[in-house]
Amino acid sequence: MGVDIACVGFGPAMGGFLTTLSRQLTKEDGTPAFESVAAPGMPLQVICYERADDLGFGVSGVVTPGRSLRVSFPGLDPAQIPMAAPVKHETVAYLLDPVGASRRSFALRAADGLLRAFRWALPVRNHAFELPWIPSFLAKHEGLVLSMGQFMQWVGGQVLGSGAVQVWPSTPAAMALIEDNKVAGVRLLDQGVDKQGNAADGFTPGMDIRAALTVVGDGPVGAIGQQLDDHFGLPDGHHQHDWAVGMKFVVDLPAHAILEPGTVIHTLGYPEPEIFGFLYVHPGRIASLGIFVPSWFDSPVRTAYRYLQHWMLHPYLWRHLDGGTLRSWGAKSLLESGRRGEPHLVGDGYARIGEGSGSTNVLTGSGVDEAWATGVQLAEGVLELLRAGRPFTRENLEQAYVARRRASWVERESRVAERARDGFQRGVVTGLIGMGLTGLTGGRLNLPGKSMPPHRRIPTVEDYCRGRIPPEEVARIRAECKAKDLPLHDALMDRAGWPAIAFDGKLLVSQQDALLTGGKVQAPAGYADHVVFLHPEVCQRCGAQVCIDACSGQAIMPGPCGVPIFDREKCIHCGACLWNCSQPRPDDPERANVAFRAGTGGLHSAEN
Ligand SMILES: Cc1cc2nc3c(=O)[nH]c(=O)nc-3n(C[C@H](O)[C@H](O)[C@H](O)COP(=O)(O)OP(=O)(O)OC[C@H]3O[C@@H](n4cnc5c(N)ncnc54)[C@H](O)[C@@H]3O)c2cc1C
Ligand code: SF4
Ligand code: SF4
């Protein structure tokens, strides 16, 4: 099939692109502004393919300064958008360790001791120290608390209502059609195949969608973005080493909760010092809350789900949550390399927008505003080229899109942020000092730190536990877990002193219950597995098997002969396995031994 513009992924970046483009595709008299080249006599054919089963199922992100959104929607009234509220109160809190199980360095223990000793003079309540002042680079005054799922459905309604573009959910793009270094469109996913992708009953090969321009906005772990990076490489000096998984709950707050809509709470320090938390309050006594587990948290058992529960149970947060009910949950990777993870933004026949194009600001922790802005910038450039009748070559896209992006606040602020997180490579305290320095000096001062691919950072379980659990005990726990086919992290956390979670069946539920009820995970039959262990012999030699412990959906489990088993039914498409593997690929040491490909299914919730 031929179209003029094929788009991949319907996240905020594509929201910005299609909102801006669709408004200019019809003249005031209702006639098309541009004629299609792919289908002469027809209006310009623009189609967007979204992997998830409905609009807004594949996105996240909830507090945003909303600068670019307000430019696209002047006079934006949050009351028009479900679950939206203007930001009202912002707090940053350092959480002390109330259970004594957190792995705290000597420096942090000393700081905790001082805070506890001077709590009569300092704002230390409920085992937390509220920062008296929020640095301007972190503040989101005049911003918006949003459910991105709900926001994207609202945007989708307007874009589709224009009648000028189409958005097809439940349609993953499997690969880009690359011909002589030019992107000529995309191929959709094969249907009617077995788990390995071999033709089976009802085989339907993925359709080729040929397009003059392919817009790639498939987020941080998208298959098309990964393929383009493999094919074209990254610009010199760029890397995509830094990642995080964000896991969140959407919760009905209990009747006694006093948090107002628009409340924004950010936390640091607990359950492990490397883990950051957030709680944002929507109208209707609903909150989005969760944690970020970064790739520089050097743990081979960095499971997010149990840590999220310990975080909720911290007295500073639990006083607001006790009695609440889980509505839905989800997880998603964030590419935290920022500007240094930027790929080639354009080439003949294609352009990259959003987080996969390195737009996320790693100093301010803002991704939505930037992603949206890059989509708007591309749309303005595309309209300029369409009006001038110029083709979508690398050179023309450089002039029309990349130049706009370079001249914008997105580029200016991403340059400031570029080295903000380097210090975290050397530990959390260095990292926080480094971020503060970068933020307060506008990027002029930074603390250095050498970044490396996540798989090179991951220590063995024995090294990780050294000084707290003797190696012979680790060996015993490992053998017991192996005999029962259980992941290691729960047993190690129990041994490290983390109390068992007292499930209440409402908010504190097992991961399996969250998968089955709150998350509504589904995987249609007839598609290949999208998570693939590339070299099984490497898995057999792998000691840590981080992919199992770090899987957000318990979709990767211990398997026979040492090769893990992937269960598509439980996969929530967070992409964390892509960077939570401790072994390099034999043929590409920069990358780990897992492939995360285009796939169907995942979570059915438009609230995440
Ligand atoms: C838990 C969490 C909390 C966050 N909180 C904030 C916040 O408070 N503020 C903020 O500014 N940012 C936040 N972020 C970051 C923010 O979500 C991202 O920066 C932003 O969503 C990036 O937008 P995007 O359009 O580039 O990509 P995405 O939002 O990732 O959208 C990409 C889309 O492409 C689709 N897709 C992927 N592969 C394919 C394929 N092969 N074919 C078709 N479609 C495909 C995906 O399903 C998805 O819908 C948060 C992220 C997480 C995970
Ligand atoms: S995928 Fe990576 S972490 Fe998992 S078993 Fe294989 S080599 Fe080890
Ligand atoms: S298998 Fe699925 S749920 Fe597990 S880490 Fe990978 S993408 Fe996430």
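Every number for a ligand or one of its atoms is a count from 1 in the order of the listing. Source: prediction; values computed, not measured.
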Original post:
Can a donor-acceptor pair be found between the side chains of Asp549 and Thr303 at a distance below 3.5 Å?
Top reply: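 No donor-acceptor contact under 3.5 Å links the two side chains.
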
**OP:** Considering heavy atoms of the protein only, find what lies nearest to atom 7 (S) of ligand 2 and give residue, atom and distance to 0.1 Å.
**Re:**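 Minimum-distance protein heavy atom for atom 7 (S) of ligand 2 reads Gln583 CG, 3.4 Å.
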
**OP:** Indicate, as side chain, backbone, both or neither, the part of Val546 found under 4.0 angstrom from ligand 2 when only non-hydrogen atoms are considered.
**Re:**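 Under 4.0 Å from ligand 2, Val546 contributes backbone atoms alone.
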
Original post:
Hey, does Gly290 sit under 4.0 Å from ligand 1 if you only count heavy atoms?
Top reply: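 Contact check Gly290 vs ligand 1: negative.
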
Original post:
Centre of Trp296's six-membered ring, under 6.0 Å away, within 45 degrees of the axis: is that where NZ or CZ of Arg457 sits?
Top reply: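 No, a cation-pi geometry is absent between Arg457 and Trp296.
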
Subject >> Side-chain donor-acceptor contact under 3.5 Å, Trp311 with Thr267 >> reply: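 Judged by distance alone, the side chains do pair up.
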
Subject >> Sub-4.0 Å atoms of ligand 1 with respect to non-hydrogen atoms of Gly246 >> reply: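 Taking each heavy atom of Gly246 in turn, ligand 1 has 1 (C) under 4.0 Å.
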
**OP:** Among all protein heavy atoms, pick out the one at the shortest distance from atom 8 (Fe) of ligand 2; state its residue, atom name and that distance to 0.1 Å.
**Re:**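 Checking every protein heavy atom, the shortest distance to atom 8 (Fe) of ligand 2 gives Cys542 SG, 2.4 Å.
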
Original post:
When you check the side-chain N and O atoms of Glu355 and Ser359, is any donor under 3.5 Å from an acceptor?
Top reply: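 No, no side-chain donor-acceptor contact under 3.5 Å.
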
Subject >> Distance-only donor-acceptor check, side chains Arg456 and Ser582, under 3.5 Å >> reply: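 Side-chain D/A pair, Arg456 to Ser582: absent.
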
**OP:** Return the residue, atom name and 0.1 Å-rounded distance of the protein heavy atom closest to atom 6 (Fe) of ligand 3.
**Re:**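 I find the closest protein heavy atom is Cys577 SG, 2.3 Å.
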
Original post:
Would you say Ser147's side chain and Gln150's backbone share a donor-acceptor pair under 3.5 angstrom?
Top reply: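 Yes: the side chain of Ser147 pairs with the backbone of Gln150.
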
Original post:
Going by the order shown, which atoms of ligand 3 are within less than 4.0 Å of some heavy atom of Phe596?
Top reply: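 Near Phe596, the atoms of ligand 3 are 7 (S).
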
**OP:** Run the numbers for me: atoms of ligand 1, each under 4.0 Å from some heavy atom of Gly11, listed by number.
**Re:**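 Reading through ligand 1 atom by atom, the close ones are 25 (O), 31 (O), 33 (C).
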
Subject >> Residue-ligand contact Phe57/ligand 1, heavy atom below 4.0 Å >> reply: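 No, that is not the case, since the closest heavy atom of the residue is not under 4.0 Å from the ligand.
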
**OP:** Confirm or rule out an N/O/S atom of Cys571, from backbone or side chain, lying less than 2.8 Å from atom 8 (Fe) of ligand 3.
**Re:**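 Checking Cys571: none of its N, O or S atoms is under 2.8 Å.
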
Original post:
Of the choices Cys551, Ala555, Ala550, which has the non-hydrogen atom that lies closest to atom 4 (Fe) of ligand 3?
Top reply: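 Comparing heavy atoms across Cys551, Ala555, Ala550, the nearest one to atom 4 (Fe) of ligand 3 lies in Cys551.
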
Original post:
Between Leu334 and ligand 1, which part of the residue brings a heavy atom under 4.0 Å of the ligand: side chain, backbone, both or neither?
Top reply: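 Leu334 to ligand 1: side-chain contact only, backbone stays beyond 4.0 Å.
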
Original post:
Under 4.0 angstrom from ligand 2, any heavy atom of Ser582?
Top reply: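 Yes.
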
**OP:** Quick one: look up the protein heavy atom nearest atom 2 (Fe) of ligand 2 and list residue, atom name and how far away it is.
**Re:**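 The answer is Cys581 SG, 2.3 Å.
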
**OP:** For Arg591 and His455, test the side chains for any donor-to-acceptor distance below 3.5 angstrom and give the result as yes or no.
**Re:**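 No, no side-chain donor-acceptor contact under 3.5 Å.
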
Subject >> Non-hydrogen atom of Ala174 closer than 4.0 Å to ligand 1 >> reply: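 In this structure, Ala174 fails to qualify as a contact of ligand 1 - no heavy atom is under 4.0 Å.
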
**OP:** Determine, considering heavy atoms only, which of Ile572, Val245, Val594 sits nearest to atom 3 (S) of ligand 3.
**Re:**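 The residue whose heavy atom sits nearest atom 3 (S) of ligand 3 is Ile572.
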
Subject >> Salt-bridge criterion met for Asp242 and Arg340 (N-O under 4.0 Å) >> reply: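 Judged by the 4.0 Å cut-off on N to carboxylate O distance, Asp242 and Arg340 do not form a salt bridge.
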
Original post:
So does Asp369 pair up with Lys140, basic N to acidic O under 4.0 Å?
Top reply: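 No, this pair does not count.
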
Original post:
Under 3.5 Å, is there a donor-acceptor pair between the Ser337 and Gln240 side chains?
Top reply: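 No, no side-chain donor-acceptor pair sits under 3.5 Å.
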
Subject >> Nearest-neighbour protein heavy atom for atom 5 (S) of ligand 2, which is reported as residue plus atom name and distance >> reply: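 Minimum-distance protein heavy atom for atom 5 (S) of ligand 2 reads Gln545 NE2, 3.3 Å.
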
Original post:
With a 3.5 Å cut-off and no angle check, do the side chains of His344 and Tyr350 form a donor-acceptor pair?
Top reply: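 Their side chains do not contain a donor-acceptor pair, so the 3.5 Å distance test is not met.
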
Original post:
Does an N or O from Glu355, backbone or side chain, lie closer than 3.5 Å to an N or O of ligand 1?
Top reply: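 Looking only at distances, the answer is yes, because the N/O contact criterion of under 3.5 Å is met.
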
Subject >> No-hydrogen, no-angle side-chain donor-acceptor test under 3.5 Å, Thr171 and Glu50 >> reply: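 No donor-acceptor contact under 3.5 Å links the two side chains.
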
Subject >> Under 3.5 Å: N/O of Arg51 near N/O of ligand 1 >> reply: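 Min N/O separation from ligand 1 is below 3.5 Å for Arg51.
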
Original post:
For ligand 2, which atoms, with element, lie under 4.0 Å from some heavy atom of Phe533?
Top reply: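 In order of numbering, the contacting atoms are 1 (S).
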
Subject >> Closest non-hydrogen atom pair between His238 and Gly341, with its separation >> reply: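 In terms of heavy atoms, the two residues are closest at ND1-C, 4.4 Å.
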
**OP:** Number the atoms of ligand 2 from 1 as they appear, then name those within less than 4.0 Å of a heavy atom of Asn593, with their elements.
**Re:**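 Reading through ligand 2 atom by atom, the close ones are 6 (Fe), 7 (S).
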
Original post:
Quick check: does Cys539 put an N/O/S atom under 2.8 Å from atom 2 (Fe) of ligand 2?
Top reply: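 Checking atom 2 (Fe) of ligand 2 against Cys539, no N, O or S atom falls under 2.8 Å.
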
Original post:
Hey, are Ser170 and Asp53 close enough side-chain-wise for a donor-acceptor pair under 3.5 Å?
Top reply: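 Present: a donor and an acceptor within the cut-off.
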
Original post:
Is it true that Glu142 and Arg70 have a side-chain N and a carboxylate O under 4.0 angstrom from each other?
Top reply: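 Looking at Arg70 together with Glu142, the answer is no, because their closest N to O distance does not fall below 4.0 Å.
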
Original post:
Hey, looking at atom 32 (C) of ligand 1, which of Ala371, Gly217, Gly9 has the closest heavy atom?
Top reply: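 Heavy atom nearest to atom 32 (C) of ligand 1 belongs to Gly217.
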
Original post:
What part of Ile556, side chain from CB on, backbone N/CA/C/O, both or neither, has a heavy atom under 4.0 Å from ligand 3?
Top reply: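 Within the 4.0 Å criterion, Ile556 contacts ligand 3 through side-chain atoms alone.
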
Original post:
Side chain, backbone, both or neither: which part of Thr360 has a heavy atom under 4.0 Å from ligand 1?
Top reply: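 Answer for Thr360: side chain.
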
Original post:
Is Pro564 touching ligand 2 with its side chain, its backbone, both, or neither, if touching means heavy atoms under 4.0 Å apart?
Top reply: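 Side chain only; the backbone of Pro564 stays clear of ligand 2.
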
